[in-house]
Number of protein chains: 2
Amino acid sequence: MAVTLKEVAERAGVSRSAVSRTYTDGASVSPKTRKKVEKAAKELGYSPNALASSLTTGRTKLIGLISNNFHNPLFLEVFDLFTRRLQEKGLRPLLVNLTDETDPENSLRMLKQYSVDGVIVASSTLSPEFAKAFHDAKIPVVHSFGRFASAPDVHVVGVDNVECGRMAARTLLARGYKHIGFLGGPKGATSTIDRRAGFMEVMGQAKGIKVKESNAAAYSFEAGRTAMLKELKGTHAEAYFCGDDVMSIGALSAINSSGLSAPTDIGIIGLNDMEMAKWENIDLTTIRQPIKQIVDSSVELVMAALEDSNRHPEARLFSCQVIERGTLRPL
Amino acid sequence: MAVTLKEVAERAGVSRSAVSRTYTDGASVSPKTRKKVEKAAKELGYSPNALASSLTTGRTKLIGLISNNFHNPLFLEVFDLFTRRLQEKGLRPLLVNLTDETDPENSLRMLKQYSVDGVIVASSTLSPEFAKAFHDAKIPVVHSFGRFASAPDVHVVGVDNVECGRMAARTLLARGYKHIGFLGGPKGATSTIDRRAGFMEVMGQAKGIKVKESNAAAYSFEAGRTAMLKELKGTHAEAYFCGDDVMSIGALSAINSSGLSAPTDIGIIGLNDMEMAKWENIDLTTIRQPIKQIVDSSVELVMAALEDSNRHPEARLFSCQVIERGTLRPL
DNA sequence: ATTCAGATTGCAACCGGTTGCAAAAATTGT
DNA sequence: ACAATTTTTGCAACCGGTTGCAATCTGAAT
């Protein structure tokens, strides 16, 4: 169907190798033959078959981009950044949606079949074991938004969620709240566990503070709303650290529809600083995760791992920052 | 690096063909050899290289998924649906982000290099010519959310945007609004043009109605907000048909921050019915596009086009439906 | 035991490229 | 003009599979 190397070679009156070399940089071709080849290629509309060449070079430039966060608007930003960055680097994202797949086996098998050069797991809710499965299969892998460990099994790029928890706690304490709630994301997620740990650590050291905690079923609007509605049925705290921004927005919705409002009746601080957080009708105080840096660094790291597949697993952390908006009372 | 056919064949004590046939269905292999092969394969951890096989079969099962809508939350839903559906059908999405790429040439070349079996263009703002470039290159293509035409150049799946415009107009008229605004999406987009046409057609037939119109720069929150702020500076209409939901939310934000509210002071009707539209703190009256059906149908159509590449270009339309929520005054 | 159709198997060529190697051509120095 | 280098070129084997074909095997029927 498509034009092949051979046809171009014939038309240009050169050998197949000559054509091949024209399209591999670093190869030795005289300007004269290169011209001939390029002319013939243009006339025929030839473009080299990347997959065929991957057979011999062992590189497909395909990167598996795996995620299970297809209901969190933050991840649209994440996908945008990843796809652009990968494209800039000449890599192609093969997108894998893990939403209803718990077992790594399937994805592993399929990504092996497509001989991806590497894999980026973009999720804060997938277990570290998931990423490890790729590592064990000798596929370079980076877990973006994954859990920090000082000696990780796989490359990890993200933030120190424990520190984020502390930061949220300090922010709430500094504003004089005395009755404070931790409204976490799904219980099993490492991000939830770590944020809670940091949060409780700081709270434990504070005097005269009452702390309560609960969890939402997912990092989603609905889950955040449901969890907050439940809070509002009992005696609620004065302010909450919510699992993430989309949950926060759900919580805010619950607050408003109960006739209350933030920050007057209840304070909310989220996490992520997704685009929506700064929308005027949301105006969420939150902790910013530097997602662009995380993405760029992940891509850089996966590329480095391609070069040296024995590279020692590395954890890259970026610092977060409180973004003051309108859902906490002022200092 | 990876285990190959040959190694499995040697270990199982059979020919390479036998191994190959074990993994291609419809091929003739005795239960006995199949057993041997499967045993050897399991021991070695073999999985066939899909790309190598694509070389002879001419099918990669790779589908280019092209979009430029990485700032519209609706498209996270769209990507979710597409990736899942494609996976269910054994196809793999190669995601292409067109955000800062206007020229089809580059994407075309790269998708040719990866010999994708077909392409899905998911966008209502890309010009029909874009999709046509693939068609001209003999790559099966479906334009999802594209413009309806009775004799389209390429397969199109979507809604009748002209009818959506009419539907919005009728809805607003039925609620007794007399001064009505069309706050369209980007002027060049076919979706904007068509929705406007239908809208104006109905308005033109109504008596005693004052109509005004303007456009936002993009289907985005910011653009919607900015456009509405501008409206509010002059004499605004009583109700607006906004380009889409995310623009509507931007517009609502502008309305609120001007001390007004919907539907009391201004009515808003959006389009899409994305997940956020039903969030309690948004509660947007809108026109639902059946995106799941559009996605499923697109995948089905691209698969059909794979089978028969001479298939005549077809347009598939799905009907929309007004979803009553709280941003228009009641009937 | 023999025949014969149908199922199974291996050989070898091919898919569209890449690459080590040795021969051929171009360049350099004298 | 000639030898020594350096560059460019084509050959042929290979990457990891598939597939048409002819040979072999199987089992049922005679």
Side-chain angles (χ1 to χ4, degrees), chain A residues 1-38 40-41 44-62 109-117 138-139, chain B residues 1-38 40-41 44-62 109-117 138-139:
Chain A
M1 181 106 264
V3 186
T4 77
L5 192 81
K6 197 170 138 216
E7 304 174 50
V8 177
E10 279 162 8
R11 176 155 197 137
V14 298
S15 73
R16 290 160 60 221
S17 336
V19 180
S20 172
R21 285 195 258 257
T22 303
Y23 292 97
T24 44
D25 37 28
S28 138
V29 209
S30 70
K32 211 198 309 174
T33 33
R34 159 159 275 136
K35 271 278 174 316
K36 284 196 287 185
V37 169
E38 277 167 354
L44 262 38
Y46 170 76
S47 54
N49 182 329
L51 302 180
S53 79
S54 82
L55 260 193
T56 40
T57 60
R59 286 239 174 293
T60 53
K61 303 206 167 192
L62 250 25
R109 182 148 22 89
M110 98 130 228
L111 288 169
K112 271 172 79 176
Q113 289 182 343
Y114 281 85
S115 6
V116 294
D117 287 348
K138 310 263 188 241
I139 299 176
Chain B
M1 180 107 266
V3 185
T4 76
L5 193 79
K6 199 171 137 216
E7 306 175 50
V8 176
E10 279 164 8
R11 175 152 196 140
V14 299
S15 73
R16 291 161 58 221
S17 335
V19 179
S20 172
R21 285 194 258 256
T22 303
Y23 293 96
T24 43
D25 37 28
S28 141
V29 209
S30 70
K32 210 197 310 176
T33 31
R34 159 161 275 134
K35 270 281 174 317
K36 284 196 285 186
V37 169
E38 277 167 355
L44 263 38
Y46 169 76
S47 55
N49 182 328
L51 302 180
S53 80
S54 82
L55 216 39
T56 39
T57 61
R59 286 239 175 293
T60 54
K61 302 205 167 194
L62 249 26
R109 183 150 22 89
M110 97 129 230
L111 288 170
K112 269 172 81 176
Q113 288 181 343
Y114 281 84
S115 6
V116 294
D117 287 349
K138 309 263 187 242
I139 299 176

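Every chain is numbered from 1, with letters handed out A, B, ... down the list of sequences.
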Between [X] and [N], is there a side-chain N or O to OP1/OP2 distance below 4.0 Å?
X	N	result
A:Ser20	C:dT18	yes
A:Ser28	D:dT8	yes
A:Tyr23	C:dG16	no
B:Ser30	C:dT9	yes

For B:Lys32 and for A:Gly13, find the nucleotide of DNA chain D with the closest heavy atom, then tell me which residue's nucleotide is more 5'. A:Gly13
Base, sugar-phosphate, or nothing: which does [X] touch, judged by heavy atoms less than 4.0 Å apart?
X	result
B:Val19	nothing
B:Thr24	sugar-phosphate
B:Thr33	sugar-phosphate
B:Ser53	sugar-phosphate
B:Thr4	sugar-phosphate

Do the side chains of B:Val14 and B:Val19 get nearer than 4.5 Å, heavy atoms only? yes
Less than 4.5 Å apart, any side-chain heavy atom of B:Thr22 and any of B:Thr33? no
Could you check how far [atom1] of [X] sits from [atom2] of [N], rounded to whole Å?
X	N	atom1	atom2	value
A:Arg59	D:dC15	CZ	P	18 Å
B:Arg16	C:dA12	CZ	P	12 Å
B:Asn49	D:dC14	CG	P	19 Å
B:Lys36	C:dG10	NZ	C1'	13 Å
B:Leu55	D:dG17	CG	P	11 Å
A:Lys6	C:dG17	NZ	C1'	13 Å
A:Lys112	D:dG17	NZ	C1'	16 Å
B:Leu5	D:dT18	CG	C1'	9 Å

Check if the side chain of A:Arg21 and the base of D:dG10 share a donor-acceptor pair of N or O atoms closer than 3.5 Å. yes
Whether the side chain of B:Ser15 and the base of C:dC11 hold a donor-acceptor pair under 3.5 Å is what I'd like checked. no
Closest non-hydrogen atom pair between [X] and [Y], with its separation:
X	Y	answer
B:Gly45	A:Lys112	O-NZ, 3.4 Å
B:Val8	B:Ala41	CG1-N, 4.1 Å
B:Thr60	A:Tyr114	O-OH, 2.8 Å
B:Ser54	B:Arg59	CB-O, 3.2 Å

Compare the minimum distances between each of D:dG17, C:dG10, C:dG17 and the side chain of A:Thr56, then state the nucleotide with the smallest one. C:dG17
Between B:Ser17 and B:Ala52, name the one whose nearest nucleotide on DNA chain C is closer to the 5' end. B:Ser17
